[in-house]
**Q** 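Supplied in structure tokens, the structure appears directly below.
In what follows, chains are A, B, ... by sequence order, proteins preceding strands, each numbered from 1. Note that these values count all heavy atoms, side chains included, but never hydrogens, waters or copies made by symmetry.
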Amino acid sequence: MVYWIDMKRYNPKEIEPKWQQIWRETNVYTANLASDKPKYFAFGMFNYPSGNLHVGHAMNFTISDVKSRFKRQQGFESYHPVGWDSFGLPAENYAIKKGISPQESMAQLIPDYQEKYQKMGWSDDWEKEITTSEPEYYKWTQWIFVKMHEHGLVYQDSRWQWWCTKCQTVLANEQVIDGKCWRHDGKDDLIVEKKEVKQWFFKITEYADELLEAVDALDWTESVKLAQKNWIGKSQGAEVMFEVAGSKETITVFTTRPDTLFGATFMVLAPDHALVREITTPDKLDEVEAYIKATAKKTEVERQASKEKTGVYLGVNAINPINGQEIPVYIADYVLSGYGTGAIMAVPAHDERDNAFAKAFDIPIVQVVDSADNSSVQDFYSGYGIAVHSGPYDGLTSKKAGQKIVDDLANKHLAIQKTNYKMRDWSISRQRYWGAPIPVVNCPDCGPVVLKEDQLPVVLPELTDFKPSGDGRSALARAKDWLITTCPDCGKTAERETDTMDTYVDSSWYMMRYLDPQNQSQIFDSNVANQWMPVNFYNGGDHATAHLLYARFITRFFSKIGLLDNPEPFKQMLYNGKVIAKDGTAFSKTLGNGPDPLEIIEQGYGADALRTYLMFAAPLELGARWDPQGVPGAHRFLSRLWNIVQEYIEAPAVELATDQSKKILLIVHKATKKVTDDIEGNRFNTAIAACMEAVNKLYLLKTELPFGQNNVWLEAFEALAMLVGPFAPHIADELWQLLGHSDSIQRDHWPIVDTQYLQVDTFTLVVQVNGKVRAQLSLASDVTKEQALEAAKADSHVQEFINGKDVKKEIYIPGKLVNLVV
RNA sequence: GCGGAUGUGGUGGAAUUGGUAGACACGCUAGCCUUAGGAGCUAGUGCCGCAAGGCGUGAAGGUUCAAGUCCUUUCAUCCGCACCA
């Protein structure tokens with residue numbers, strides 16, 4: 001009873017560094033990629049080393065670490081890789097802020113992370129570490145550009161793009177948040193503007209259909225799958241040509257509702273549509289120019305904020321091809337140049353936005369779909385119905401009318417069936433220094449020449465001044481020694497491309513490089529990659545769309561060119577929630593107001609308690625609400641486990657009767673089953689709860705049974721050490737050692753469920769009368785229905801409720817309950 | 001606006017196919033113990049009620065012997081996307 005007084009207290013500060021050192025020295029986490037064992041490849045989304053290790057990192061990487069450790073303990077060859085997504089704007093901005101070069105800042109940041117990763121107790125394989133900003137890596141990022149080009153998937157084009165004056169770079173749409181640059185979204189930061197920029201594109205749209213079709217089969221968080229589908233945004237429809245009256249020009253629109261063509265009473269072009277200046281009548285030009293200018297300043301947020309529709313009549317009409325009617329042509333900011341053809345036929349009777357515009361500009365509204373007498377409910381809700389006021393098409397269903405209208409116009413070359421995608425090609429150009437140089441030489445005679453594989457890598461020169469050049473080009477424009485080269489085709493003096501690649505390119509193929517990080521002659525060895533791909537488990541709390549889509553695109557490309565068998569990169573993807581503050585607000589990286597994981601560890605709670613709390617706090621998909629009492633609570637649990645094992649070790653040998661052993665083994669095997677199933681199913685919180693419950697029950701049992709050295713008690717504590725291993729690996733190894741083992745628990749040690757110990761002799765039968773619980777009876781497991789009902793009715797308390805009444809119905813659920821209806 | 005979730009004690013959250021609502025933990029209360037600690041141990045802790053009992057999973061209906069779970073309506077919060085033609 002008082003053993004604990006002499007016992008060694010649980011001291012993570014002592015055992016955690018000890019095991020971290022042993023793990024390092026014995027390379028337990030070094031994966032043998034050629035192993036014959038079943039393989040498991042798991043990791044969290046690539047770390048961007050832009051500052052400190054925060055609690056979000058702790059959350060993300062512990063999740064994949066738990067999965068990885070679980071499989072490793074189960075006997076898998078488990079590979080939990082580690083690397084740095086070190087190129088990119090945040091790193092460059094950080095370096096500017098610190099007044100050092102990005103190379104130097106990485107040289108400082110990465111070792112700091114390395115140390116902290118080890119203190120978190122993650123089972124990272126440091127032998128295969130990769131860094132995207134090293135030439136050994138980005139040579140192959142450039143190689144992808146070359147290969148993409150070879151396969152016709154690269155082109156150069158000018159586009160209106162979001163432009164951040166602070167970053168001096170183009171922003172992707174997804175990088176514009178609330179009208180501001182994603183990295184400069186503070187109160188004082190300016191709203192970004194649009195600027196026409198020449199840039200390089202990857203033709204991801206060519207893969208749109210297959211990327212879409214493959215989504216359903218993925219074992220991914222459903223909301224992420226949906227986001228993928230919405231991002232691709234496939235829609236079926238038609239392109240219809242409208243001649244401009246008194247001009248040779250034609251306006252092409254995309255519509256999903258060609259059946260409403262008779263209701264098109266005006267047209268709208270996006271303000272930056274190429275035809276606007278061509279067709280506007282001279283008297284309207286000033287007004288149009290002013291509107292274009294005003295729109296360019298506006299953000300999409302501002303455009304949407306105003307419910308009132310604005311626009312300008314161009315002074316010309318277009319001819320509706322279906323009925324020859326002249327309809328006015330406008331520009332309006334509610335039409336976007338980035339979608340479809342950047343022009344619409346407006347049908348105010350059947351589109352809310354068109355309707356608002358028509359009302360504001362006093363344009364006729366013609367109903368052409370009668371949805372009143374719909375036969376199908378589905379049609380009714382989708383706005384479909386029977387064509388009216390549509391000439392020869394009257395009476396047809398919307399679907400048939402649309403089809404016939406397109407067919408008829410197609411015969412006159414005025415329409416064509418068309419599938420449209422919301423997804424646009426991937427702009428990979430960045431006018432930034434800190435990225436992989438795009439492997440192109442711009443020759444005055446030959447134009448842009450893409451380099452050959454043997455001319456790679458194009459090494460990024462180290463610059464002292466790496467701020468953007470200010471002319472829209474990157475700092476590389478100033479590195480004359482590097483910039484000036486000879487054309488590989490004609491040998492004349494030429495300049496290198498000064499754009500660098502989007503970091504999303506770096507992070508879209510790293511999972512394969514993890515499998516062959518030192519390969520000098522190939523991007524990776526396909527034989528090895530095919531053994532390990534797709535990644536078994538991938539998780540993160542960000543980048544639900546772009547990164548995952550790009551990774552899928554690149555992987556699919558590799559598969560097409562014969563580098564990989566499987567076209568999908570991630571078999572399972574868990575989109576985990578974030579760690580948020582107690583008041584429900586987000587921890588801000590910029591404010592740095594989150595709890596510091598290392599501080600918590602150093603305080604004496606240890607990494608095991610931190611990890612256990614994070615995994616216990618909530619289901620992974622929900623994310624954890626940070627509770628300052630949480631880590632102490634987890635520490636308390638680990639202490640209890642520690643103490644009972646200590647007590648066991650110091651106690652003398654005891655004998656246990658069979659029924660006593662069974663009590664212990666029931667607890668252990670029940671917990672083993674629960675923890676095994678729950679980790680498999682990513683329900684870490686209930687897995688940990690099961691461990692806690694088992695420990696609590698063993699504490700109770702130790703007071704009622706002989707407690708001390710005995711194989712059954714030993715089995716119980718060994719099992720618990722193994723079960724907590726994925727969450728609290730240090731204490732697991734320490735307990736394992738204290739229980740007499742000389743090997744590490746980390747590989748091939750996971751308890752097996754023996755179902756014979758799950759059998760119980762008695763169970764609790766719940767007795768309800770009219771659905772209300774009136775008694776709980778302990779009965780033998782093999783009780784018959786008759787016996788159970790008899791016992792239920794015989795209970796004195798139940799008697800009070802059924803006495804003198806007619807039992808009209810008897811419900812019996814074997815092993816669970818009886819419900820008597822009176 | 002559209003799409004997706006989520007609503008359960010003071011708090012985070014548990015609850016196979018509908019079958020004991022509140023596991024596990026935090027917090028709180030009381031007691032014990034002591035090397036007085038960031039301890040540890042034991043008991044209690046949904047609400048009302050002395051009790052018997054009643055009420056209780058955002059709200060309102062419904063199906064059922066039985067509903068957190070299924071159906072209908074509705075409210076709130078959060079997250080995506082955003083004038084997508």
**Q** Any idea which of B:G12, B:A85, B:C26 is nearest the A:R625 side chain?
**A**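 Nucleotide nearest to A:R625's side chain: B:G12.
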**Q** Answer yes or no: does a side-chain N or O of A:H797 lie under 4.0 Å from OP1 or OP2 of B:G53?
**A**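 Affirmative; the distance criterion is met.
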**Q** Side-chain N or O of A:R636 less than 4.0 angstrom from OP1 or OP2 on B:G27?
**A**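 Result: yes.
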**Q** Please classify the nucleic acid contact of A:F616 as base, sugar-phosphate, or nothing, using heavy-atom distances under 4.0 Å.
**A**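 The answer is base, as A:F616 lies within the cut-off (heavy atoms under 4.0 Å) of a base atom.
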**Q** Strictly by modelled atom types, are A:Q236 and A:T419 linked by a side-chain donor-acceptor pair under 3.5 Å?
**A**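 A pair is found: one side chain offers a donor N or O, the other an acceptor, under 3.5 Å apart.
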**Q** Give the residues of residues 415-423 of chain A touching RNA chain B, defined as any heavy atom closer than 4.0 Å, sorted by residue number.
**A**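 The stretch gives A:K422 as the residues lying under 4.0 Å from the strand, ordered by number.
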**Q** Return yes if a side-chain donor-acceptor contact under 3.5 Å exists between A:R9 and A:Q646, otherwise no.
**A**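 Short answer, no.
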**Q** Quick check on B:G19: is either OP1 or OP2 less than 4.0 Å from any side-chain nitrogen or oxygen of A:K816?
**A**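 It does not, given that no N or O in the side chain of A:K816 lies less than 4.0 Å from OP1 or OP2 of B:G19.
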**Q** May I ask you to evaluate whether A:N230 reaches the phosphate of B:G80, defined as a side-chain N or O under 4.0 Å from OP1 or OP2?
**A**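 Indeed not, no polar side-chain atom of A:N230 lies that close.
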**Q** Which atom names give the shortest non-hydrogen contact between A:V822 and A:N770, and what distance separates them?
**A**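 For A:V822 versus A:N770, the nearest heavy atoms are N-OD1, 3.0 Å.
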**Q** Any side-chain N or O of A:N696 less than 4.0 Å from the OP1 or OP2 oxygen of B:A25?
**A**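 Answer is yes, contact under 4.0 Å.
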**Q** Between B:C26 and B:C78, how far is it from one P atom to the other, in whole Å?
**A**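 Nearest-Å result for B:C26 against B:C78 at atom P: 29 Å.
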**Q** Ignoring backbone atoms, test whether A:R640 places a side-chain nitrogen or oxygen under 4.0 Å from the OP1 or OP2 oxygen of B:C41.
**A**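 Yes, because at least one side-chain N or O of A:R640 sits under 4.0 Å from OP1 or OP2 of B:C41.
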